[in-house]
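The structure appears below as structure tokens.
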Amino acid sequence: MSILLIAGSPSAPSRSSRLLQYAAEQLALRGQRTTTLEVRTLPAQALVHAEFGNAGLKAAQALVAEADAVIIGTPVYKAAYSGLLKSFLDILPQDGLAGKLVLPLATGGSQSHMLALDYALRPVLSSLSARHVLPSIYATDAQVIWSEENGLSIDPAILARLTTGIDSLTASLLALQEAAVTEYEPVHFSQVRCSV
Ligand SMILES: Cc1cc2nc3c(=O)[nH]c(=O)nc-3n(C[C@H](O)[C@H](O)[C@H](O)COP(=O)(O)O)c2cc1C
């Protein structure tokens with residue numbers, strides 16, 4: 001099972017990307033493989049012009065297609081998710097998230113827009129046919145602090161939400177994996193053809 005982390009901030013360093021990085025480390029501890037896609041590194045002109053055939057964009061689309069689950073990290077910009085993230089979601093196929101689990105994360109300057117993921121991003125994820133969108137996680141800048149000396153410091157309440165979100169994601173992935181295994185039809189011995 002593979003998990004793609006999509007970083008939707010135009011900035012580097014980025015608080016929302018640090019939350020994604022933390023999530024990746026926690027997933028690795030749980031034995032989950034992750035890949036990170038930073039949207040800001042994609043060919044900018046191709047993204048803005050929605051050049052669906054661009055090689056860099058096609059490679060990014062393929063990463064999404066191959067993932068079983070996606071964690072999306074974004075800053076809140078003007079009461080919604082970043083325009084950069086929207087540009088990327090716009091170049092995905094209409095059912096680009098079909099069958100996938102999605103965990104949305106955001107950081108914002110204050111609590112004022114803590115519902116932005118739910119009122120702005122969630123409908124778009126549903127429109128892209130996401131299988132299941134887990135409860136979103138929102139942190140303010142004051143709750144995600146990074147310094148050279150101490151590294152990343154995350155508010156305990158956010159840490160608890162992240163742990164719950166990551167545990168739910170891994171449990172749901174495991175359940176899907178088991179369901180996929182049991183979905184195989186048993187093959188009767190009379191149908192088995194041997195080549196020796
Ligand atoms: C252009 C711009 C618009 C912003 N708009 C909002 C906003 O509407 N609401 C809010 O809570 N924070 C807003 N912020 C603050 C960012 O969401 C916040 O600092 C966030 O943690 C940045 O995440 P990043 O470091 O991953 O880019 C805005 C910041 C910028 C640069």
Side-chain angles (χ1 to χ4, degrees), residues 3-28 32 34-50 56-57 60 63-64 67 69-92 97 100-128 130 133-166 169:
I3 303 172
L4 178 66
L5 312 183
I6 300 179
S9 175
S11 308
S14 145
R15 277 192 167 82
S16 53
S17 301
R18 288 197 200 284
L19 281 189
L20 282 181
Q21 178 61 36
Y22 174 81
E25 289 161 10
Q26 292 301 308
L27 286 163
Q32 297 289 339
T34 62
T35 307
T36 299
L37 168 63
E38 283 189 65
V39 180
R40 68 188 294 278
T41 65
L42 295 178
Q45 180 165 321
L47 197 59
V48 171
H49 291 187
L57 298 189
L63 287 177
V64 176
V70 179
I71 305 183
I72 299 180
T74 177
V76 171
Y77 273 10
K78 304 292 188 285
Y81 55 98
S82 74
L84 179 67
L85 177 60
K86 182 67 163 74
S87 298
F88 180 63
L89 296 176
D90 286 348
I91 57 121
L92 294 180
L97 294 176
K100 299 179 198 311
L101 306 171
V102 184
L103 173 59
L105 310 177
T107 57
S110 75
Q111 292 284 3
S112 305
H113 297 130
M114 65 180 301
L115 294 179
L117 288 175
D118 291 328
Y119 63 67
L121 183 60
R122 190 172 286 266
V124 178
L125 301 176
S126 299
S127 150
L128 288 166
V133 183
L134 286 99
S136 43
I137 299 172
Y138 180 87
T140 63
D141 287 354
Q143 292 172 315
V144 183
I145 305 289
W146 192 88
S147 70
E148 288 289 346
E149 313 81 63
N150 304 317
L152 184 63
S153 167
I154 304 176
D155 181 273
I158 302 301
L159 270 182
R161 294 206 65 179
L162 279 168
T163 303
T164 303
I166 290 162
L169 188 74

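Residues take their numbers from the sequence shown, with the count starting at 1. For the numbers below, each heavy atom of this structure counts, side chains included, while hydrogens, waters and symmetry mates do not. All ligand and atom numbering here is 1-based and tracks the order in the structure.
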Worksheet item: Do side-chain atoms of Ser11 reach the backbone of Pro13 as a donor and acceptor pair under 3.5 angstrom?
Response: no
Worksheet item: For the side chain of Thr74 and the backbone of Ser82, is there at least one donor-acceptor N/O pair under 3.5 Å apart?
Response: yes
Discussion item. Could you measure the distance from the OG1 atom of Thr34 to the CD atom of Glu25? Nearest 0.5 Å is fine.
Written reply: 9.5 Å
Practice prompt. Considering the heavy atoms of Asp141, write down every atom of ligand 1 situated less than 4.0 Å from one of them.
Written response: 18 (C), 19 (O), 20 (C), 21 (O)
Worksheet item: Only one of Leu5, Ile3, Leu4 clears side-chain contact (heavy atoms from CB on, under 4.5 Å) with Thr35; which?
Response: Leu4
Discussion item. Counting only heavy atoms not in Glu149 (residues, nucleotides, ligands), do more than 12 fall under 6.0 Å from its CD?
Written reply: yes
Discussion item. Which of the numbered atoms in ligand 1 are under 4.0 angstrom from any heavy atom belonging to Ala79?
Written reply: 7 (C), 8 (O)
Worksheet item: What protein heavy atom sits nearest atom 10 (C) of ligand 1, and how far away is it?
Response: Gly109 N, 3.4 Å
Item to complete: Report the nearest protein non-hydrogen atom to atom 25 (O) of ligand 1: residue, atom name, distance rounded to 0.1 Å.
Response: Arg15 N, 2.8 Å
Discussion item. Taking the side chain as everything from C-beta on, heavy atoms only, tell me whether Gln21 gets closer than 4.5 Å to Leu152.
Written reply: no
Worksheet item: Closest non-hydrogen protein atom to atom 31 (C) of ligand 1, residue and atom name please, with distance?
Response: Tyr77 CE1, 3.7 Å
Practice prompt. Answer side chain, backbone, both or neither: which part of Trp146 comes under 4.0 Å from ligand 1, heavy atoms only.
Written response: neither
Worksheet item: Side chain, backbone, both or neither: which part of Thr107 comes within less than 4.0 Å of ligand 1 when only heavy atoms are counted?
Response: both
Worksheet item: Hey, does Ile158 have a side-chain heavy atom less than 4.5 Å from the side chain of Tyr138?
Response: no
Practice prompt. Measure from atom 14 (N) of ligand 1 to every heavy atom in Leu20, Val76, Thr74 and give the option owning the shortest one.
Written response: Val76
Discussion item. Tell me the protein heavy atom at minimum distance from atom 22 (C) of ligand 1, and give that distance in Å.
Written reply: Pro75 CB, 3.5 Å
Fill in: Ser9: numbered ligand 1 atoms lying under 4.0 Å from its heavy atoms
24 (P), 26 (O), 27 (O)
Discussion item. Can a donor-acceptor pair be found, under 3.5 Å and without considering hydrogens, that links the side chain of Arg122 to the backbone of Val133?
Written reply: yes
Fill in: Close side-chain approach of Val39 and Thr41, heavy atoms under 4.5 Å
no
Practice prompt. Using a strict cut-off of 4.0 Å, indicate which atoms of ligand 1 neighbour a heavy atom of His113.
Written response: 7 (C), 8 (O), 9 (N), 10 (C), 11 (O)
Worksheet item: Where's the contact between Lys78 and ligand 1, heavy-atom distance under 4.0 Å: side chain, backbone, both or neither?
Response: both
Worksheet, complete the sentence: Tyr138 heavy atoms within 4.0 Å reach ligand 1 at atoms 11 (O)
Worksheet item: Hey, is Ser112 one of the residues with a heavy atom under 4.0 angstrom from ligand 1?
Response: no
